[in-house]
Every structure is written in structure tokens, then in C-alpha cells.
Amino acid sequence: MNEAPKSLNFLEHIVEEDLKNGFPKEQLRFRFPPEPNGYLHIGHASSICLNFGLGLRYDSPVNLRFDDTNPVKEEQEFVDAIKRDVKWLGYNWDTERYASDYFQQLYDWAIVLIKKGKAYIDSQSSEEMAAQKGTPNEPGGHSPFRDRSIDENIRLFEAMKKGEFEEGTHVLRAKIDMSSSNMLMRDPIMYRILHKVHHRTKSDWCIYPMYDWTHGESDYIEQVSHSLCTLEFAMHRELYDWFLDQVYDERTVRPKQREFARRNLSHTVVSKRKLLKLVEEGVVNGWNDPRMPTISGLRRRGYTPESIRNFADTIGIAKRENLIDVSLLEFHVREHLNKVSPRVMGVLDPIKVVITNYPEGEEEWLEAENNPGDESAGTRKVPFSGEIYIEKNDFREEANRKFFRLKLGGEVRLKSAYIIKAESCTKDTDGNITEIQCTYDPKSKSGSGTQESLRKVKGTLHWVSVKHAFEAEVRIYDRLFLDESPDTHKDKDFMDFVNPDSLKVIKGFLEPSLKNAKVEDRVQFQRLGYFCVDPDSTSENLVFNRTVTLRDTWAKIQQNN
RNA sequence: UGGCCUAUGGUGUAAUUGGCAACACAGCUGGUUUUGGUCCAGUCGUUCUAGGUUCGAGUCCUAGUAGGCCAACCA
């Protein structure tokens, strides 16, 4: 907010332009309008950051408005989840609103339209109406009910409201233009009959307003100045304005709809239907599975609100098609986690190292820094002993100069501990290495300041003391889809691209300081990645989710060979 | 036989509104480093096509091309 001149996106330009043309800054108001029929995902997060970001930028109120005009699909559970997610992202709405709060006002205005001859009751079936609607290339025809008298329209509409008709028997339509090139202007439906219980208004209503009739008028009621939505609503703008014209009073703020392109993330899907399929077919374990692009999934995965906000800020906003590489999201979570997460040591694929010259039965507690980039993070004690675990792939019997980890005859630094040298290793009958024998240099202790401790050795390994380490469950997550755009292939289903290795559950050996880690704690397992404590954790069985690996140039080197 | 929207490095977004095309990510090279992390330095590479207006066009105009959206009693 307070840094040097940041360039504006096209929506901010529009606001600036309005301000320049005399729109009072105090009357700026925005809204985030989710339909409570599903969970918020990363795409919504961008929209949330956009609208609330505008609120922050101009110090303007932002309403959280639930667009709950369809009782068939909407539930309180989603309202609660959405509120939790928006809060978690770090935003505060001015007021919590519901389109259903406006049902009476909307009804009254509908009567006004009928009286002005701008709306009528159509008693055809939906099939008949569809057939009449024409196509984008051909104009539609008029309904035989289009010229009902105002009195009859009023009488029928009231009867609809009283519940005197079956679902599907009548609708209220705006009387606009059946030959418009914009299909939405061909006498759009304003109300339909639905004998359903609404999550808030219960059984008060059996007629429910449609989106187009509701949304703009709700913006108007709330005096939202800029109503931002995605591109597919661009054609709705003409209707949005037409409806507004019917009730607009010059003395009030006239809401302005503008459209932006939704932002697509690579290697993922976000449509409700597809996410539901992943849940129902057991590809993932629920809506908040750490592989899901839902806010709750990202949270459980270990993403921070800051990283998501920074991501949204970086990708910007425009009107063209886009596919943002997920590596940018990963960059932002690494960037933030690098600053805030304590470093710890854990070995996920252990091999035992015996330090042959370490005094039998002895142990010592060494000082280790919690974050080399942040002195204020302090230090902690880590136990060392004559038997430790290191990662299997940190040892090779022989290797070239590029491999600066442990090899026979070679030296390596144990992070925050001593320099060791591999002398020999033992194998089982299949030739698998089962143990490595090393010697250590007692004078090389980290931080001791001795000549030996200051020696430069190329490699530094993380480790845990066998005797002190404890076991925990570690869930290694990877991208859910192997294809960057799994749901855009004409000949293939997105399910064909599910990564079979998106989750591996393993056992890790962790340093004892982690024993009292709490759910949602985030740490960096040194040299491995960032991990987050999962809510499945119990006091006997801690569960860590891998949020993201560290950048791994070694992996890249190996890949290129 | 339509209407609306869009087109800038590999990706995303900018360009003081007509004035030297920039920022981030990704890639590559080197340096620092008790994390092959971080950090630092460097490097690669861009205005869909064809005309037009202009001293000057990514920006304005025309045509073309490519992509997206539009015919739910969904939002």
C-alpha cells in the first residue's frame, strides 16, 4: 500500500477516471458477491483481493453479499465456510448482506415494472419459450401472453406469490426486445415459481428472482459504486443497465458494472462440478484436501494468507485469456515462508550413520539457529549422538566432483554440528547399503570458533540423532494434475491427467523440538521444503503436510544430465 | 448468418494516455553461503498480420487473422 508508485490496473483506471470526473470518493463502495453454493477457491481469492484491495486502496467499504436467489442450491454451511475463508485471507467486510434481504423490495419494484408495462406474466412452458427465443442469428418471436393487460399481470403475479400455482406454470418476464442481438434482452425471466425452502427466508416466498433482476438492483440498494464481475457477464451489462433504468433515482449512486477476465491457474481445475467429482471419486479426501485449489485446501496445505494476497497482487487483472503458471503461486509461498518459518531438521528417507570415534553412550545438545536470515528468530538446542540418520540420497559410495554430499573418503558438515568423514559402509545380501561408518572431528563443532570449525567443506547435510528423533507421519503432496490445463482438451477428460503420485504418505524422523508442534504450525525442514502440521494430528501421531519443496538446483542438475 | 470482448518475451502484468517497451516469475551464467535454500550480480527474450493517420503508433482508424463469450425457470 505504501510503497513507490505502483502502476494501476484497468479497473483502477476506471475508478480514477470517475473520481477525476467528479465522483465523490466517499461514495466509492465495492462488494464481493459469492453464491453460497460451494467452497471458495483460488480463483475467488483473486476476486476477493481485487474488491477488498480496492476498498483498502480508497478506504472504502466493501460488502460481503451472498447472492442467494436459488433455494435449490444454497446452504448455510457454505455461508459459514465463505465467511471463514474471507476472514482468513485477512479481509474485513463492511456489512454482511444477502440478496434475500431484498426480496420484498425486488417484488415491489417488479410490480412497478408491471404497472409501467415493462413486464408481463408468461404462461408458456420453458420449452415453448426456448423455441421462441430464436438464435444468435435469428430474432425471436413474441409470446402469446406478451400483451396481457396490466391488471391481469398484477393479478397473476400476486397469485404466483401466494402460491396458487405449480412450479413452471408461470414466470414474470421483462418486456424488452425479442429481436435484440443480445439474447439476454429477449424478454428475460425475472421471477420463477419455486416451492422450496430457502436457507434464510424459509417458506416466506415461493417465487424467486433471477440473477439479472437481483444483482444490479442489489448493488443499487447497497449503493455499490463499482460492481466488478467476470467476463462472461459482459453481455449482461446491457440488461443490468436496463433494469437499473427502471428504478433509478438521479439523487443516488448509479452502480457501474465492469468485467475482468477470471484468472486461471495451471495444473488445476476449479469448476464446482469437477472439484466435486474429485471428491466423490475419492481422488482427494474432501473439499479441504491439501491438493485442492480451495481456500480451505490451500490453508491446510500450509499456504499463508499473505502469500495468496501477494500472488493475486502480482498476477494483476486484465481482460484477456490467461493461464498463470502455478510456479508463481509456489514462488510466493516460498517467499513468505522463507521469512517466517523456523528451520528444523527431519530425515524422511533415513540411513544410519555410526560415528565410530564418538564416545560410547555420550550425547550433547548443540545450538542451532532457527532462521539464518533472521537473527531475532533465535536458536534452539538439538541433540547429537554417535548414531544419526541422514537422507539415503545424501550418500554415495563414489561420486564425481559435482556431488558434494557424503561419499567414501569424503568429508561433509553436519548442519550445526561436526564435520564427519565417511570411512566405510555395510550392505545387506542384496547389496543395499544399511549403515555408514564415519569418523568425526571433535574440534570442528559448529560455532566453537576453532580453526577446525571454520574449515570449508563443500557439503552440509541435515540429520537427526537416532536416539532422540521421534517418528511422525509426513504427507508428501505434489501437483494434482500432470497437464498444465487438464480441462481444456477436447478429446480427453480432465480425470485422465490426475497425477497418480500426488500424495505419498511416509514416516519421518524428526528432531525432538517438534514434539509439541501445533496444528497449522509451519516449519522448514532444512534442505527439504516447507511443512505444515495437519489437523489430523494427535498427540501420539503428528502429521506434517509438505506445502512446497525448496528450490532444488541439484535436482535440476541431475535432470539435465 | 449475427452480436460482444480480447490480442505485448516461455508465463502474467505494465507503459506518465501518441514520445527510448518495463516489472515479476520461469530459464541460463557467475558470486556469497554451515540449507545445492536465502541473498547478490549478470544474461536471454516481446508489441498477431496488412494498410492508413502522424514528425512520431504497443497505444488512434480500416480490413484481416486467431482466441473467448452469448440461445438455464443457474449464478
Side-chain angles (χ1 to χ4, degrees), chain A residues 5-10 13 33-35 37 67-70 72-74 122 125-126 129-131 133-140 167-173 180-184 186 189-194 207-208 210-212 214-215 229 231-238 259 261 263 266 314-325 327-332 334-335 338-339 343 345 368-369 371-373 402-405 412-417 419 444 446-447 453-462 484 524-529 549-557:
Chain A
K6 197 187 155 266
S7 58
L8 306 181
N9 64 48
F10 82 99
H13 279 296
E35 182 188 11
N37 71 340
D67 232 329
D68 56 348
T69 58
N70 187 350
V72 182
K73 290 160 57 175
E74 294 146 9
D122 198 338
S125 68
S126 59
M129 282 173 48
K133 194 141 194 179
T135 71
N137 294 323
E138 305 154 29
E167 288 185 10
T169 52
H170 306 277
V171 291
L172 180 70
R173 286 230 256 175
S180 171
S181 59
N182 182 351
M183 300 292 289
L184 291 159
R186 324 247 260 226
I189 294 173
M190 295 171 67
Y191 275 93
R192 75 283 213 193
I193 298 168
L194 248 28
I207 56 172
Y208 290 91
M210 300 288 288
Y211 166 83
D212 287 296
T214 309
H215 202 91
C229 59
L231 240 32
E232 69 266 30
F233 290 98
M235 298 297 290
H236 293 245
R237 189 152 108 198
E238 190 180 357
E259 311 81 18
R263 279 150 289 180
S266 77
T314 305
I315 62 181
I317 191 85
K319 295 183 80 164
R320 51 177 162 165
E321 296 294 303
N322 58 75
L323 182 63
I324 297 147
D325 201 299
S327 66
L328 185 58
L329 216 210
E330 292 170 347
F331 162 80
H332 281 286
R334 284 192 190 105
E335 179 188 58
N338 175 50
K339 290 191 190 118
R343 317 289 130 126
M345 292 195 285
E369 52 187 351
N371 189 337
K402 276 195 166 176
F403 183 84
F404 39 88
R405 302 179 177 190
V412 86
R413 158 76 62 184
L414 292 177
K415 179 75 185 172
S416 304
I419 294 173
S444 66
S446 287
S453 74
L454 297 174
R455 279 173 53 215
K456 299 282 175 200
V457 281
K458 193 67 179 159
T460 300
L461 306 185
H462 62 277
E484 68 168 12
Q524 182 198 96
F525 286 0
Q526 265 174 131
R527 301 211 303 136
L528 297 175
T549 61
L550 258 31
R551 267 187 74 221
D552 192 349
T553 46
W554 172 237
K556 224 169 279 170
I557 291 167

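First the proteins, then the strands, lettered A, B, ... as listed; each starts at 1.
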Quick one: [X] [atom1] to [N] [atom2], roughly how many Å, whole number?
X: A:Lys73; N: B:C73; atom1: NZ; atom2: C1'; value: 12 Å
X: A:Glu35; N: B:A72; atom1: CD; atom2: C1'; value: 13 Å
X: A:Gln526; N: B:U38; atom1: CD; atom2: P; value: 13 Å
X: A:Phe404; N: B:G36; atom1: CZ; atom2: C1'; value: 5 Å
X: A:Met235; N: B:C70; atom1: CE; atom2: C1'; value: 5 Å
X: A:Lys319; N: B:G12; atom1: NZ; atom2: P; value: 18 Å
X: A:Asn322; N: B:C25; atom1: CG; atom2: P; value: 19 Å
X: A:Glu484; N: B:A26; atom1: CD; atom2: P; value: 16 Å

| Is the shortest distance from a Lys or Arg side-chain nitrogen in A:Arg237 or A:Glu259 to a carboxylate oxygen in the other one below 4.0 Å? |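 Here A:Arg237 pairs with A:Glu259 in a salt bridge, since their nearest N and O are under 4.0 Å apart.
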Under 4.0 Å, counting only non-hydrogen atoms across every strand here, what does [X] touch: a base, just sugar-phosphate, or nothing?
X: A:Ile557; value: base
X: A:Pro372; value: base
X: A:Arg334; value: nothing
X: A:Ala318; value: sugar-phosphate
X: A:Lys458; value: nothing
X: A:Gly447; value: base
X: A:Phe403; value: base
X: A:Tyr208; value: nothing
X: A:Gly373; value: nothing
X: A:His215; value: nothing
X: A:Asp67; value: sugar-phosphate
X: A:Met210; value: sugar-phosphate

Sticking with atom [atom1], work out how far [N] lies from [M], rounded to a whole angstrom.
N: B:A26; M: B:G12; atom1: C1'; value: 11 Å
N: B:U38; M: B:U33; atom1: C1'; value: 9 Å
N: B:A15; M: B:A21; atom1: C1'; value: 7 Å
N: B:A71; M: B:G3; atom1: C1'; value: 12 Å
N: B:G42; M: B:C61; atom1: C1'; value: 43 Å
N: B:C48; M: B:U32; atom1: C1'; value: 44 Å
N: B:A24; M: B:A14; atom1: C1'; value: 11 Å
N: B:G51; M: B:G68; atom1: C1'; value: 27 Å

Side chain [X], main chain [Y], donor-acceptor under 3.5 Å:
X: A:Asp122; Y: A:Leu172; result: no
X: A:Arg186; Y: A:Lys133; result: yes
X: A:Glu74; Y: A:Asn70; result: yes

Please tell me which of the listed nucleotides, [options], lies nearest to the side chain of [X]?
X: A:Asp325; options: B:U11, B:G12, B:C73; result: B:U11
X: A:Thr460; options: B:A14, B:U34, B:C73; result: B:U34
X: A:Ser126; options: B:C73, B:G36, B:C70; result: B:C73
X: A:Asp552; options: B:G36, B:G37, B:A26; result: B:G36
X: A:Ser446; options: B:G67, B:U34, B:G36; result: B:U34

Can you check whether [X] has a side-chain N or O nearer than 4.0 Å to OP1 or OP2 of [N]?
X: A:His332; N: B:G12; value: no
X: A:Lys556; N: B:G27; value: yes
X: A:Thr553; N: B:G37; value: yes
X: A:Arg186; N: B:G2; value: no
X: A:Thr69; N: B:A75; value: yes
X: A:Arg237; N: B:C4; value: no

| request: Determine whether A:Thr214 and A:Met190 make a side-chain contact, defined as any pair of heavy atoms from C-beta on separated by less than 4.5 Å. | output: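 Side chain of A:Thr214 against side chain of A:Met190, heavy atoms only: no contact under 4.5 Å found.
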| query | Taking for each residue the nucleotide of RNA chain B bearing the nearest heavy atom, is the 5' side occupied by A:Thr169 or by A:Asn137? | reply |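 So the residue in question is A:Asn137.
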Go through the side-chain N and O atoms of [X] and [Y] and say whether any donor and acceptor fall under 3.5 Å apart.
X: A:Glu238; Y: A:Asn182; value: yes
X: A:Ser446; Y: A:Arg413; value: yes
X: A:Asp325; Y: A:Ser327; value: yes

| request: Take the angle between the ring planes of A:Phe233 and A:Tyr211 and call it parallel below 30°, perpendicular above 60°, tilted in between. | output: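 Answer is tilted, since the angle falls between 30° and 60°.
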| message | Using a distance-only criterion (donor-acceptor N/O pair, under 3.5 Å, no hydrogens), is the base of B:G36 paired with the side chain of A:Arg527? | response |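 No pair found.
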| said: Ignoring hydrogens and geometry beyond distance, is the side chain of A:Gln524 in donor-acceptor contact with the base of B:U35 at under 3.5 Å? | reply: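 Such a pair is found, so the answer is yes.
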| message | I'd like to check, for A:Tyr211, whether its ring lies over the base of B:A75 with centroids under 5.5 Å apart and a plane angle smaller than 30°. | response |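 Per 5.5 Å and 30° rule: no stacking.
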| task | Could you tell me which non-hydrogen atom of A:Leu194 sits nearest to which non-hydrogen atom of A:Tyr208, and how far apart they are? | result |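 That closest heavy-atom pairing would be O-CE1, 3.3 Å.
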| Minimal non-hydrogen separation, A:Thr549 against A:Arg334, with atom names |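 Closest heavy-atom pair between A:Thr549 and A:Arg334: O-NE, 2.7 Å.
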| remark: Under the rule of Watson-Crick or G-U wobble with both distances under 3.5 Å, where | means paired to another strand and [ ] a crossing pair, RNA chain B maps to .((((((..((((.....[..)))).(((((.......)))))....(((((..]....))))))))))).....
